[in-house]
Amino acid sequence: MTVTLTEAWNIVRRHLPEKRFKHTVGVRDTAIRLAKHYYVDEKKAELAAIVHDLCKYFDTDEMKQGLATVGENHWAACGSELLHAPYGAMYVEKELGIKDNDILQAIRSHTTGRAAMSPLEQVVFVADYIEPNRSFVGVDQARKYATVSLDTACLFSLTNTIQYLLSKRSPIHPYTVEAYNYYTLKGEHKD
């Protein structure tokens, strides 16, 4: 049995501090708006957005161990910030009964992106990046791109993320590099 939207909100509310909960509300609202704009299933977008950060503050070792049991050690290799996405997909499937692969994949890839994301994945990925509480150099441009093309918005977001990680000399997950290459080669980017 899949969790209802109301149940999902109640669960998320218990696991997130106020600032992260506010972010989640922003992602949910943005995901619904983008889903309408791009004719993506709004209910799926809403549920994925509500639970996308559910595991953000879970114990790092617990998440590493959980991912290791399914042979996904590569997430931890690029830092603990990424763990909540793949672990979150596993967690909501097991604990909340969310079995929809589109929703699970959107949760899984919301931090790194991946090559050839589905429209639902793109909606959640972009919504997480541009939600109204975000404030960083380039966010307004990303918001403009999001109204024109999900591919363009994804490429812009990936480019900014890679530049940021390079400036900090942080590792870049292979999925992010693959996503960047995919959307660059797809040729959607417009300056």
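Both backbone and side-chain heavy atoms feed into the values below; hydrogens, waters and symmetry mates do not.
No side-chain heavy atom of Arg33 sits under 4.5 Å from any side-chain heavy atom of Asp29. At least one side-chain heavy atom of Ile32 sits less than 4.5 Å from a side-chain heavy atom of Arg28. Contact check for Tyr175 versus Thr111: no side-chain heavy atoms found under the 4.5 Å cut-off. A 4.5 Å side-chain heavy-atom check between Lys99 and Leu104 finds every atom pair outside the cut-off. Side-chain contact between Glu81 and Lys56 is present, with heavy atoms from C-beta onward closer than 4.5 Å. Counting heavy atoms from C-beta outward, Leu47 and Asp100 have side chains that stay 4.5 Å or more apart. Cys154 is listed as a side-chain neighbour of Val126, based on a closest heavy-atom distance under 4.5 Å. You'll find the side chain of Ile130 stays beyond 4.5 Å of the side chain of Tyr145, heavy atoms only.
Smallest separation of non-hydrogen atoms from Val123 and Leu34: O-CD1, 3.8 Å. The two residues Thr112 and Trp75 make their nearest non-hydrogen contact at CG2-CZ3, 3.6 Å. For the residue pair Ala49 and Ala31, the shortest heavy atom distance occurs at CB-CB, 3.9 Å. Taking each heavy atom of Ile103 and Leu120 in turn, the nearest pair found is N-CD2, 3.9 Å. Considering all non-hydrogen atoms of both residues, Arg108 and Pro86 come closest at NH1-CB, 3.7 Å. Gly88 and Ile107 get closest at one heavy-atom pair: C-CG2, 4.0 Å.
In the hydrophobic clustering of ILVMFWY residues, with side-chain heavy atoms under 4.5 Å counting as a link, Leu96 and Trp9 come out together. If you chain together hydrophobic residues whose side chains sit under 4.5 Å apart, Tyr87 and Ile50 fall into the same group. Tyr39 and Phe125 are not part of a single hydrophobic cluster, where members link through side-chain heavy atoms under 4.5 Å apart. Val92 and Val3 fall within the same hydrophobic cluster, where Ile, Leu, Val, Met, Phe, Trp and Tyr residues are linked whenever their side-chain heavy atoms come under 4.5 Å apart, directly or through other members. There is no path of hydrophobic side-chain contacts, each under 4.5 Å, that joins Ile162 to Val137.
Rounded to the nearest 0.5 Å, atoms NE2 (His84) and CE (Met63) are 8.0 Å apart. Within the model, atoms CG of Leu67 and CG of Leu82 stand 10.5 Å from one another, a figure rounded to the nearest 0.5 Å. For the atom pair Glu178 CD and Ile172 CD1, the distance stands at 12.5 Å (nearest 0.5 Å). Atom CG of Leu158 is separated from atom CZ of Arg114 by 12.5 Å, given to the nearest 0.5 angstrom. From Arg143, atom CZ reaches atom OG1 of Thr30 across 8.0 Å, with rounding to the nearest 0.5 Å. Once rounded to the nearest 0.5 Å, the distance linking OG1 of Thr60 with CD of Gln65 reads 11.0 Å.
Here the side chain of Thr69 pairs a donor or acceptor atom with the backbone of Gly66 at under 3.5 angstrom. The backbone N or O of Lys22 lies less than 3.5 Å from a partner atom in the side chain of Asn133, making a donor-acceptor pair. Between the Arg134 side chain and the Asp128 main chain, a donor and an acceptor come within less than 3.5 Å of each other. Formation of a donor-acceptor pair under 3.5 Å by the Tyr38 side chain with backbone atoms of Ser149 is found in this model.
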| task | For Asp151 and Gln122, run side-chain contact (heavy atoms from CB on, under 4.5 Å): C-alpha distance rounded to whole Å, both residues' side-chain angles, the deciding distance at 0.1 Å, then the answer. | result | CA-CA 8 Å; Asp151 286 350; Gln122 289 183 297; 2.7 Å; yes
| message | Run the side-chain contact (heavy atoms from CB on, under 4.5 Å) test on Gln163 and Asn160 for me, step by step, so that the C-alpha distance in whole Å, both residues' side-chain angles and the decisive distance to 0.1 Å come before the verdict. | response | CA-CA 5 Å; Gln163 288 172 341; Asn160 265 12; 3.7 Å; yes
| message | For Asp53 and His110: C-alpha separation, side-chain torsions, deciding distance, then whether side-chain contact (heavy atoms from CB on, under 4.5 Å) applies. | response | CA-CA 9 Å; Asp53 271 352; His110 85 266; 3.1 Å; yes
| task | I would like to know whether Tyr182 and Met117 meet side-chain contact (heavy atoms from CB on, under 4.5 Å); could you show each step before the answer? | result | CA-CA 10 Å; Tyr182 174 85; Met117 287 186 277; over 6 Å; no
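Judged by the 6.0 Å and 45° rule, Arg13 forms a cation-pi pair with Phe21.
Taking the six-membered ring wherever Trp is involved, the centroid distance between the rings of His15 and Phe58 falls below 6.0 Å. Taking the ring centroids of Phe136 and Tyr164, they lie at or beyond the 6.0 Å cut-off.
The environment of OH in Tyr180 is sparse: at most 12 heavy-atom neighbours from other residues, nucleotides or ligands sit within 6.0 Å.
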